[in-house]
Q: 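Here it is, the structure in full.
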Amino acid sequence: MKILVLILYTFRELLSRATLVVLAGISTLVIALTMLSISMSESSEGVTLQMFGNPISPPLPADAVGEFVRTSQVGLSKGLFIGIIFLGVFATAGIVPATLRKGTIDLYLSKPLGRWELLLGKCLGAIAVMFVNVLYFIGAIWLTYGVKVGVWNSGFLFSSFSITFVFACLYSLIAFLAVLSRGSPIPIIGAFLYLFVIGGLLESREQVLYLISENTLYRSLIDGLYYVMPQISAMQAGITNQIMETSINWKPFVQSILSAGLFFGVGVAVLSRRDF
Amino acid sequence: MIAIAAESLSKTYTTGLVRKQRINALIDFSLHVEAGQIFGLLGPNGAGKTTFIKTLLSLVHPTSGKVHVLETRLPNTRIRSRIGYLPENHRFPGYLTGEQVLLYFGQLSGVGRSDVKSRITPLLELVGMSQWRRMKVRRYSKGMMQRIGLAQALINDPEVIFLDEPTDGVDPVGRKEIRDILQNLKRQGKTIFLNSHLLSEVELISDRVAILDKGRLLTTGTVDELTAGGYQYQIGIEGTLADTVRNEASAMVMNIQVNGNTLSAELKTTAELNRLIDLLRRNNIPITSIIKKRDTLEDSFINLIKREVAS
Ligand SMILES: Nc1ncnc2c1ncn2[C@@H]1O[C@H](COP(=O)(O)OP(=O)(O)OP(=O)(O)O)[C@@H](O)[C@H]1O
Ligand SMILES: [Mg+2]
């Protein structure tokens, strides 16, 4: 009940920020362009997809249209993913620090509200906002392709859940860094550093990080770190499979939810011990 | 019933990662507050007043000792639904309006949405904020913030109310209004615990007060008990006092001060007063007025802190 109140007001807090409006605006623009421009023409050679009347595909046999649509949906989902990560991180990284500010945290914690409950409510609020945005984008694109091209790709629709899931895993890291640093710069830097440098290094640790030393302790530390962190790019590959409706490797998802639980748990522990 | 009880409470803050610094904010602090009272906690800056309130809300973890609120051992999350709190320098989320603040924090205190809604209007009325209810709190003035903060502390109809400098930044009329609100709450049987620097104000409303300095409880009692003993007399005279008379008076009574046409003295007994009057009359000094003033809480506070510094 109180968690719902927290989620609702976090929603409101985010709506008052420009970053989220930009994200929603870009989504709307892409949706509108897709809706207006996509069309289909049939000829004796097959089906041709068009954008603003210009063909964007060769004439396709009827059974290849689905494949073509799915591939373009993968492209759109990758674009959305980058948008969500970039603008989403900027928009939401400040949520937890704002809650922990001197003078504000006193108000929250004087209520019959556990510290874990407060952190959970705030995180779920940020994640819920992202979910709405993702669902809005994916849902509208899915509908457009369904109505205009006749391809109803349920994998694409369900990818809105997995994209939000990836964001949630990343957010556990952001919230953890926010609790530690009580500001938003470190969570933002940490998230991007992980996404673009550390995550990649860990993924290809056998080719890169292993070369630094042959020390087994060092190598098991690197391995340990790899398994503790969320598996962003492996999950992204899973999302591509989901949209292409090919088989998905769920292992990275399971591993990442454990990682998210760990970061959240440590975050709560740190928060609980603190004096305000 | 004892509404608030602290038993040998100590709090040591440790700050700094590398060079650790320890601050003893509360040292073996014991205090009991009866339900239905207005209790004032006084002390100089950094005495530990805020720290004490924060331990009662589990915002700060005590280093040792026991704390009970409403006969419940802390820490306890649920008991906070029966407590109201106005923090010092509180900051509400700026994107909310005054009434949204009450709705939000009211729901977080465990009151149902419709109940909160029905309480908002009378509470805003009570603290004199009705006309600013739809303004974003980020545009509020200091006094407006304080008033909405008080309303927020009362939104769950609490049994115990903690107020940290409630009249800070509020204009004189507003301060009187707040005092009236507190008196009224007391009449409804609420327990009010307040921290304040404004001794004259605390004196006006508190049933009991405690004085805290450097983490230690110096004294506790009713305002009468704390101010008992000393009286100040101010004697108005015509003309000025000759030096010889003045020296003679100083020899006779302690703490005599001459300020233009007024002579102030701290006197233990009325016999002393009469001797002083005799002296003045003998020297043909016309007396125009005699005013008897009880020591204020401020006087005893300053004396107590001074003695503490001296020892
Ligand atoms: N979170 C904290 N970390 C470290 N030290 C703290 C913390 N909060 C308070 N202190 C220290 O504890 C002591 C008591 O502070 P406290 O805020 O309780 O005083 P106070 O009586 O409320 O003062 P004031 O009248 O100025 O509000 C001070 O020396 C202060 O520096
Ligand atoms: Mg204080």
Side-chain angles (χ1 to χ4, degrees), chain A residues 1-21 91-92 94-122 124-126 129 180-182 184 186 268-276, chain B residues 11-15 23 25 50-51 53-63 75-97 100-101 103-113 116 136 138 145 148-149 152-153 155-156 158 161-162 164:
Chain A
M1 179 53 218
K2 280 178 222 135
I3 293 245
L4 278 181
V5 174
L6 283 171
I7 293 175
L8 202 75
Y9 277 81
T10 309
F11 231 92
R12 208 179 224 156
E13 182 175 348
L14 279 168
L15 289 183
S16 71
R17 293 187 187 190
T19 336
L20 204 86
V21 179
T92 58
I95 291 283
V96 174
T99 311
L100 297 181
R101 269 216 309 219
K102 205 170 157 67
T104 304
I105 186 69
D106 312 57
L107 290 163
Y108 280 113
L109 294 184
S110 68
K111 305 297 170 214
L113 199 68
R115 294 186 183 191
W116 66 271
E117 225 171 335
L118 180 62
L119 190 62
L120 185 65
K122 285 284 162 184
L124 289 181
V129 171
L180 283 192
S181 69
R182 299 171 90 165
S184 51
I186 290 188
V268 167
V270 171
L271 195 60
S272 301
R273 295 190 46 187
R274 188 170 287 164
D275 287 325
F276 288 102
Chain B
K11 174 65 197 175
T12 305
Y13 288 110
T14 329
T15 54
I23 299 164
T50 299
T51 301
I53 287 194
K54 284 184 172 178
T55 56
L56 295 170
L57 289 150
S58 306
L59 276 160
V60 158
H61 306 295
T63 309
N76 182 303
T77 305
R78 245 183 304 156
I79 195 70
R80 294 202 289 267
S81 60
R82 294 159 66 193
I83 296 178
Y85 174 42
L86 171 66
E88 69 179 345
N89 305 322
H90 56 280
R91 181 153 42 177
F92 290 115
Y95 59 93
L96 297 176
T97 64
Q100 286 168 344
V101 158
L103 187 60
Y104 182 31
F105 287 96
Q107 284 175 277
L108 289 181
S109 20
V111 185
R113 192 182 156 84
V116 179
K136 292 254 194 292
R138 78 163 72 91
M145 266 311 233
I148 203 77
Q152 175 277 144
I155 190 78
N156 55 334
I161 303 151
F162 295 106
D164 205 341

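Note that the coordinates shown come from a computational prediction; the quantities given were computed from them, not determined experimentally.
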Q: Closest approach of Phe105(B) and Gln152(B), non-hydrogen atoms and distance?
A: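 For Phe105(B) versus Gln152(B), the nearest heavy atoms are CB-CG, 4.0 Å.
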Q: Side chain, backbone, both or neither: which part of Arg17(A) has a heavy atom under 4.5 Å from chain B?
A: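 It is neither, since no heavy atom gets under 4.5 Å.
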Q: Side chain, backbone, both or neither: which part of Leu96(B) has a non-hydrogen atom closer than 4.5 Å to chain A?
A: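 The side chain, not the backbone.
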Q: Only counting residues at least two apart or in another chain, list the ones meeting ring pair (Phe, Tyr, Trp, His ring centres under 6.0 Å) with Tyr9(A).
A: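 Partners of Tyr9(A) under the ring pair (Phe, Tyr, Trp, His ring centres under 6.0 Å) test: Tyr104(B).
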Q: Identify which part of Ser16(A) has an atom lying under 4.5 Å from any heavy atom of chain B, answering side chain, backbone, both or neither.
A: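 Side chain only.
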Q: Which bit of Thr55(B) is near chain A, if near means a heavy-atom gap under 4.5 Å: side chain, backbone, both or neither?
A: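 Interface part for Thr55(B): neither.
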Q: Is it true that a side-chain atom of Lys136(B) and a backbone atom of Gly94(B) form a donor plus acceptor pair closer than 3.5 Å?
A: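 No, because the side chain of Lys136(B) does not come within donor-acceptor range (under 3.5 Å) of the backbone of Gly94(B).
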Q: Please flag which part of Phe162(B) lies under 4.5 Å from any non-hydrogen atom of chain A: side chain, backbone, both or neither.
A: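 No part of Phe162(B) comes within 4.5 Å of chain A.
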Q: I'd like to know which of Ile79(B), Val60(B), Ile83(B) tops the heavy-atom pair count under 4.5 Å against chain A.
A: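 Ranked by heavy-atom pairs under 4.5 Å with chain A, first place is Val60(B).
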Q: Only pairs of heavy atoms separated by less than 4.5 Å count here; which of Lys102(A), Arg273(A), Lys2(A), Arg101(A) has the most with chain B?
A: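 Of the options given, most contacts go to Arg101(A).
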Q: Specify which of Arg274(A), Met1(A), Glu117(A) makes the most heavy-atom pairs with chain B at under 4.5 Å.
A: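 The residue among Arg274(A), Met1(A), Glu117(A) with the greatest pair count is Arg274(A).
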Q: Taking the six-membered ring of Tyr108(A), is the NZ or CZ of Lys111(A) close enough (under 6.0 Å from the centre) and on axis enough (within 45°)?
A: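 No, a cation-pi geometry is absent between Lys111(A) and Tyr108(A).
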Q: Go through the atoms of Leu103(B) and report whether side chain, backbone, both or neither lie under 4.5 Å from a heavy atom of chain A.
A: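 For Leu103(B), backbone and side chain are both near chain A.
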Q: Would a distance-only check, ignoring hydrogens and angles, find a side-chain to backbone donor-acceptor pair under 3.5 Å from Arg80(B) to Leu113(A)?
A: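 Flag set: sc Arg80(B) to bb Leu113(A) pair under 3.5 Å.
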Q: Donor-acceptor check, side chain of Glu13(A) to backbone of Thr10(A), threshold 3.5 angstrom: yes or no?
A: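 Judged by distance alone, no pair lies under 3.5 Å.
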Q: If I take atom OG1 from residue Thr99(A) and atom CD1 from residue Ile105(A), how far apart are they, to the nearest 0.5 angstrom?
A: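 If I round to the nearest 0.5 Å, the distance is 7.0 Å.
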Q: Heavy-atom pairs under 4.5 Å with chain A are the metric here; pick the option from Leu57(B), Thr77(B), Leu59(B) that has the most.
A: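 Maximum pair count with chain A is reached by Leu59(B).
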